[in-house]
Amino acid sequence: MLMTHKPPYPTFTRRSLLQATALLSAAAILPGELFASLKNGFTHSVASGDPLQQSVTLWTRFVTPNGERDELKVQIAKDKSFRSIVRTESTISTPEANFCVHSRPTGLEPGEWYWYRFISSDGQISDVGRTCTLPSGDIDNFRIGVFSCANATSGWFNAYGHAAARDDLNLLVHLGDYIYESKLTRSDALKELAVSRGIQPQHETVSLADYRLRYQSYRMDPDLQALHRRYPMISMCDDHETVNNSWQHGAKNHGKDEGPWPLRMQSAMQAHDEWMPMRREPYTRYELGNLATLFRIETRTVGRSKQLDIAAWLANQPDKLKAAKEFRDGPLADPSRTLMGSAQEKWLTDGLTNSTLNGTKWQILAQQVIMGTTIMPRDFMAWFKPDAPPTESKKASLEFASQLGELGIPTSMDRWDGYPAARKRVLSASQQANANLVVLSGDSHNAWAYDLENNGKAAGVEFAVQGVSSLGMDKRYFGNPADIERSFMDTNKNIKWCDTSRRGYMVIDITPDKVTNEWIFLHSRHKRSLALLGTHRLTVSRNQNKLASI
């Protein structure tokens, strides 16, 4: 089947933008009000996700007035008015699942758009959603919206509203931090935003009830609801779906007073499974016809070794330079340390090989944390305004980080930089498979573009998406963003471009000959708006594994 599209990078229709703008205006404080008032019925609209060629997961939430079970009918049609219904399914809303409902119809046609809705036993009808199955065979274009890091107390979800107004995407990919488990008084929180949006609970989420309530309040956001109604989403967990800086057996922010780690993990993942339109598989792959294989991997809790702590390693060491070199050549280089675990690594290696042997043109790795190497620049004083220099302690900390960078020790131990042997294994597997590797990353809240190298040769490219609303480097450094960005690129030759101050999302456009990524920047912190602040595009041609400007 040949799937074609409108011309590359189409503009929005006037009608779609007007409708979306009207929604923003009319619902400025609607989420909080709705959260307080909607007690039963279809409380959170609809969503779809995890599509394959003949199936897709459909989701809604239906709360009965008496709190008991209810059987729902699911209708899938070729048209929005449901004159041409192609499937009718049934599913159950239960209090045990927080009244969240999943249905996965099969026997659908590849690469087709469908409309769907839910009907309760007493005749209530849900919102209508639109979804699409994955294509098969020869296709010449596929376009994906990419998101990450949506802290509801840091800013508005304008990126979701902007993407929901488009009509040129096939799929959404959310790279994690869909919710934040943090207390609502964290340093970057806007109190008035948390109140108007009705975010609950006030404290950090720990129990199953806490995590359910956090999803429940996030999913009241009208921009997020509109996005879910518009497109199917493939999503994954990063750390804030559980706890900040999580790993296989714990998390940096999980305290002993917060109960056993396995119980908290179980609670977080149960709530995630209830509220997201995904099958319960930590990692899997999706075939986009013969155009691309999309690998959704898990780098947080399946097999991640505990993050290293260089500060603890260097504490009380009289010769810190010598100790830092020992850290670099010892624990940091340890080949037994992993982000994915051996089973997932083998699965990915085999998948890359099979994808290229099958003639698939691109191999896309959708995952949580930045893979490219990032070393601390020496000229960090440019990150501060002249009238607001860093404190002596902050200056000393940055100076020390830059000294470590000169030894090849990166800025973050939570990224692939903290697991260099594991990264080398993945990039080596990609090179051995002759893959055209494109890595999609989130987590950092800022926008980055990397050339990925291994053994001195090109191994792929990386597009890292800025946060939907979560603050990035601009939370800590208030100098000219252009100076900050220039210092990173001057120090790190593999960084081909970055933006350290703006929020938004990405659109990755895949064709047989090239993959083009567009970063889209929008207001977030203090303004609810679809106004575009700017864009930036980079591309990679097939068999080049290096980024190029357009």
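The analysis underlying the following values was restricted to heavy atoms, covering all of them including side chains, and did not include hydrogens, waters or symmetry mates.
With hydrogens and angles disregarded, no donor-acceptor distance shorter than 3.5 Å links the side chain of Asp70 to the backbone of Leu72. Here the side chain of Gln344 pairs a donor or acceptor atom with the backbone of Met340 at under 3.5 angstrom. Side chain of Asn158 to main chain of His523: a donor-acceptor pair is present (N/O by atom type, distance under 3.5 Å, no hydrogens or angles). Side chain of Tyr114 to backbone of Gly129: no donor-acceptor contact under 3.5 angstrom is found. In this structure a side-chain-to-backbone donor-acceptor pair under 3.5 Å is present from Asp79 to Ser84. Although no hydrogens or angles enter the test, the distance criterion places a donor-acceptor pair under 3.5 Å between the side chain of His445 and the main chain of Leu471. In this structure, Gln53 contributes its side chain and Pro135 its backbone to a donor-acceptor pair below 3.5 Å.
Between Trp275 and Tyr215, the ring-plane angle classifies as parallel under the 30° and 60° cut-offs. Taking the six-membered ring where the residue is Trp, Tyr218 and Phe157 present tilted rings, their angle falling between 30° and 60°. Using a 30° and 60° split on the angle between ring planes, Phe147 and His174 fall in the parallel class, below 30°.
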Next on the checklist: Run Asn244 and Tyr180 through side-chain hydrogen bond (donor to acceptor under 3.5 Å, both in side chains) and show every step you take.
Outcome noted: CA-CA 9 Å; Asn244 186 45; Tyr180 273 64; over 6 Å; no
Next on the checklist: I'd like to know whether Arg69 forms a salt bridge (Lys or Arg N to Asp or Glu O under 4.0 Å) with Glu71, so could you lay out the CA-CA distance, the side-chain angles of the two residues, the decisive distance to 0.1 Å, and finally the verdict.
Outcome noted: CA-CA 7 Å; Arg69 295 184 170 211; Glu71 183 173 356; over 6 Å; no
Item to check | Working for side-chain hydrogen bond (donor to acceptor under 3.5 Å, both in side chains), residues Ser444 and Asn446 | outcome: CA-CA 5 Å; Ser444 79; Asn446 295 125; 5.0 Å; no
Checklist entry - Passes side-chain hydrogen bond (donor to acceptor under 3.5 Å, both in side chains), Arg304 versus Tyr419? Steps please. => result CA-CA 9 Å; Arg304 180 190 275 255; Tyr419 305 79; 3.3 Å; yes
Next on the checklist: Between Ser355 and Gln363, is the side-chain hydrogen bond (donor to acceptor under 3.5 Å, both in side chains) condition met? List the steps.
Outcome noted: CA-CA 7 Å; Ser355 179; Gln363 289 68 45; 2.9 Å; yes
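Minimum interatomic distance between Gln466 and Ile520 (heavy atoms only, all atoms of both residues): NE2-O, 2.9 Å. Here the shortest heavy-atom pairing between Ala343 and Tyr283 reads C-OH, 4.3 Å. The shortest heavy-atom contact between Ser148 and Val465 is CB-CG1, 3.5 Å. Minimum heavy-atom separation, Arg525 to Thr153: NH1-O, 4.4 Å.
No side-chain heavy atom of Arg197 sits less than 4.5 Å from a side-chain heavy atom of Met220. The closest side-chain heavy-atom distance from Thr374 to Pro410 is not below 4.5 Å. Residues Leu134 and Phe142 meet the side-chain proximity criterion, which asks for heavy atoms closer than 4.5 Å. Trp416 is listed as a side-chain neighbour of Gln367, based on a closest heavy-atom distance under 4.5 Å. Side-chain contact between His102 and Thr91: absent, with no pair of heavy atoms (C-beta onward) separated by less than 4.5 Å. In this structure, Gln368 and Ser441 have side chains that are not in contact, with every pair of non-hydrogen atoms separated by 4.5 Å or more. Between Val63 and Arg61 the shortest side-chain heavy-atom distance falls below 4.5 Å. Contact check for Arg214 versus Ile199: side-chain heavy atoms found under the 4.5 Å cut-off.
Between Asp168 and Arg166 there is a salt bridge, with a side-chain nitrogen of the basic residue lying less than 4.0 Å from a carboxylate oxygen of the acidic one. Salt-bridge formation is not detected for the pair Arg415/Asp443: no Lys NZ or Arg NE/NH1/NH2 atom is positioned less than 4.0 Å from an Asp or Glu carboxylate oxygen. Under a 4.0 Å N-O distance rule, the pair Asp474/Arg503 qualifies as a salt bridge.
Identified under the salt bridge (Lys or Arg N to Asp or Glu O under 4.0 Å) test for residues 239-263, with sequence neighbours left out: Asp239-Arg300, Glu258-Arg264.
Take Asp273 and apply the salt bridge (charged side-chain N to carboxylate O under 4.0 Å, His left out) test, not counting sequence neighbours, and it matches Arg280. Remark: Arg296 engages no residue in a salt bridge (charged side-chain N to carboxylate O under 4.0 Å, His left out) (not counting sequence neighbours).
Inspection of the Gln75 and Thr88 side chains reveals no N or O donor paired with an N or O acceptor under 3.5 Å. A side-chain N or O of Gln270 and one of Glu274 form a donor-acceptor pair less than 3.5 Å apart. When only modelled atom types and interatomic distance are considered, Arg229 and Ser45 share a side-chain donor-acceptor pair under 3.5 Å.
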